[in-house]
There are 2 protein chains.
Amino acid sequence: MAVSDVTAMFKALGDPTRQAIFEFLCERCCPVAVEETGEVHQVQGVTVGEVCCHVTGSDKFSSTVSFHIKELRLAGLINAEKNGKFMICSVRREAVDAMLAYLSALPKSDSSLCN
Amino acid sequence: MAVSDVTAMFKALGDPTRQAIFEFLCERCCPVAVEETGEVHQVQGVTVGEVCCHVTGSDKFSSTVSFHIKELRLAGLINAEKNGKFMICSVRREAVDAMLAYLSALPKSDSSLCN
DNA sequence: ACAACGTATCGAGATATTTCGATATAATAT
DNA sequence: ATATTATATCGAAATATCTCGATACGTTGT
């Protein structure tokens, strides 16, 4: 994952609404199942409606939340796949790992010579 | 460090110019010295002029870079202290640690029960 | 076929961010 | 005292982001 990708992730997470959505998805996303074929897929996720409900407190669809979900997806922080008439959202763990790796790799004060 | 602080840090780091400034400071910031008194202070840092030079490629002061340095400081990512006619900038390691802690503490898919 | 549902997208207004030049200020050098 | 240097701040233009209502679209139920 390139540095520019991490920039987009930080930018996306830098909005309170999106951060709330992302944390909600982190809490709600469930284990993955491994088929006999070895294929791994998401067992469960959260619908856009559930996210709207959690974020706005109302049970009505919110185009604003939909907008933020799209931003999170474009930044690579979440996945969203259609299931019937629902969109199921889930966290991309690689994204979290990429941000952790980026921050961990920043030169530390005592790891480099001083001029 | 509160969650909202981390949000501001992510937002600040989500801009390419500020990320470049931050990385530059990470590379350049040097060890701290501990006085006999036990007081710890920054031995060295980087002047605003050096940051401008690195970011813009020119040796002229840039009010844009100055603006971004201020944003980084307000987000808690860097320190800036005056030394004579220079402003010395340095990274706040606690900020990096706070972001790492936040990301590390996000619930993992296999750490929570599934509904 | 039609209605209801879940979600996306569009358009517009409100607000925030970014950039840059001009001016201001404080510290140093002459 | 005056000039120079390093930096900050202001103002304005350009651009981006956020929010919300309206409309559109695909899916499901009747």
Side-chain angles (χ1 to χ4, degrees), chain A residues 4 7-25 28-29 42 44-90, chain B residues 4 7-25 28-29 42 44-90:
Chain A
S4 63
T7 314
M9 291 176 196
F10 286 145
K11 184 176 182 184
L13 264 193
D15 176 272
T17 303
R18 286 193 291 263
Q19 194 185 5
I21 294 172
F22 190 71
E23 288 179 8
F24 180 62
L25 291 180
R28 291 298 192 81
C29 280
Q42 199 75 30
Q44 292 191 46
V46 181
T47 68
V48 171
E50 287 173 308
V51 176
C52 290
C53 179
H54 178 259
V55 170
T56 69
S58 150
D59 60 348
K60 274 181 290 197
F61 171 79
S62 156
S63 63
T64 296
V65 171
S66 179
F67 164 76
H68 286 303
I69 287 177
K70 185 180 184 181
E71 293 291 307
L72 287 169
R73 187 166 49 77
L74 292 178
L77 285 170
I78 69 174
N79 283 127
E81 56 182 279
K82 208 164 187 176
N83 187 347
K85 60 179 172 179
F86 299 96
M87 278 292 291
I88 307 297
C89 306
S90 56
Chain B
S4 64
T7 314
M9 291 175 196
F10 286 145
K11 183 176 183 182
L13 263 194
D15 175 90
T17 304
R18 286 193 292 262
Q19 194 185 5
I21 294 172
F22 190 72
E23 288 179 8
F24 180 63
L25 291 180
R28 290 297 192 81
C29 280
Q42 197 75 30
Q44 292 190 46
V46 181
T47 67
V48 171
E50 287 173 307
V51 176
C52 290
C53 179
H54 178 260
V55 170
T56 69
S58 149
D59 60 348
K60 274 181 290 196
F61 171 79
S62 157
S63 65
T64 295
V65 171
S66 179
F67 164 76
H68 285 304
I69 287 177
K70 186 181 184 180
E71 293 291 305
L72 287 169
R73 187 166 50 76
L74 292 178
L77 284 170
I78 69 174
N79 283 127
E81 57 182 278
K82 207 163 190 177
N83 187 345
K85 60 178 172 178
F86 299 96
M87 277 291 291
I88 307 296
C89 306
S90 55

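A, B, ... follow the sequence lines: proteins, then strands. Residue 1 opens every chain.
The interatomic distance linking B/Glu71 (CD) with D/dA16 (P) rounds to 18 Å, in whole Å. Across the protein-nucleic acid pair, B/Lys70 atom NZ and D/dT7 atom C1' stand 12 Å apart, rounded to whole Å. Rounded to an integer number of Å, the gap from CD of B/Glu81 to C1' of D/dA6 is 16 Å. D/dT19 atom C1' lies 11 Å from atom CG of A/Asp15, rounded to whole Å. Summarising the geometry, the separation between CD1 on A/Ile69 and C1' on D/dC18 is reported as 15 Å, rounded to the nearest angstrom. Between the NZ atom of B/Lys11 and the P atom of D/dA16 there is a distance of 16 Å, rounded to whole Å.
Evaluation of the side chain to side chain contact (heavy atoms under 4.5 Å, CB included) rule for B/Lys82 yields B/Met87 as partners, not counting sequence neighbours. Judged as a side chain to side chain contact (heavy atoms under 4.5 Å, CB included), and not counting sequence neighbours, the contacts of B/Phe86 are B/Thr47, B/Ile88. Taking the side chain to side chain contact (heavy atoms under 4.5 Å, CB included) definition, one finds that A/Lys70 meets it with A/Arg73, A/Leu74, sequence neighbours left out. Here A/Phe22 pairs with nothing under the ring-ring contact (aromatic ring centres under 6.0 Å, His included) rule; sequence neighbours left out. The side-chain hydrogen bond (donor to acceptor under 3.5 Å, both in side chains) check on B/His68 picks up B/Arg18, with sequence neighbours excluded.
Of all nucleotides in DNA chain C having an atom under 4.0 Å from a heavy atom of chain A, the first and last in 5' to 3' order are C/dC5 to C/dT9.
Taking each heavy atom of B/Val46 and B/Arg28 in turn, the nearest pair found is CG2-CB, 3.4 Å. In terms of heavy-atom proximity, A/Leu72 sits nearest to A/Ala12 at CD2-CB, 4.2 Å.
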Polar atom pairs (N or O), protein with nucleotides 23-28 of chain D, under 3.5 Å:
none

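With a 4.5 Å cut-off on side-chain heavy atoms, B/Val55 and B/Phe24 do not count as touching. Proximity of A/Ile78 to A/Ser90: side-chain heavy atoms (C-beta onward) are nowhere separated by under 4.5 Å.
Against DNA chain D, the stretch residues 48-66 of chain A makes heavy-atom approaches under 4.0 Å through A/Ser63, A/Thr64.
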Listed pairs under 3.5 Å, donor-acceptor, residues 57-65 of chain B side chains, sequence neighbours left out:
| unit_1 | atom_1 | unit_2 | atom_2 | d |
| --- | --- | --- | --- | --- |
| B/Ser58 | OG | B/Lys60 | N | 2.9 |
| B/Ser62 | OG | B/Thr64 | N | 3.2 |
| B/Ser62 | OG | B/Val65 | N | 3.0 |

Working note: B/Val48 + B/Ile69, criterion side-chain contact (heavy atoms from CB on, under 4.5 Å); need CA distance, chi angles, decisive distance, verdict. CA-CA 8 Å; B/Val48 171; B/Ile69 287 177; 4.0 Å; yes
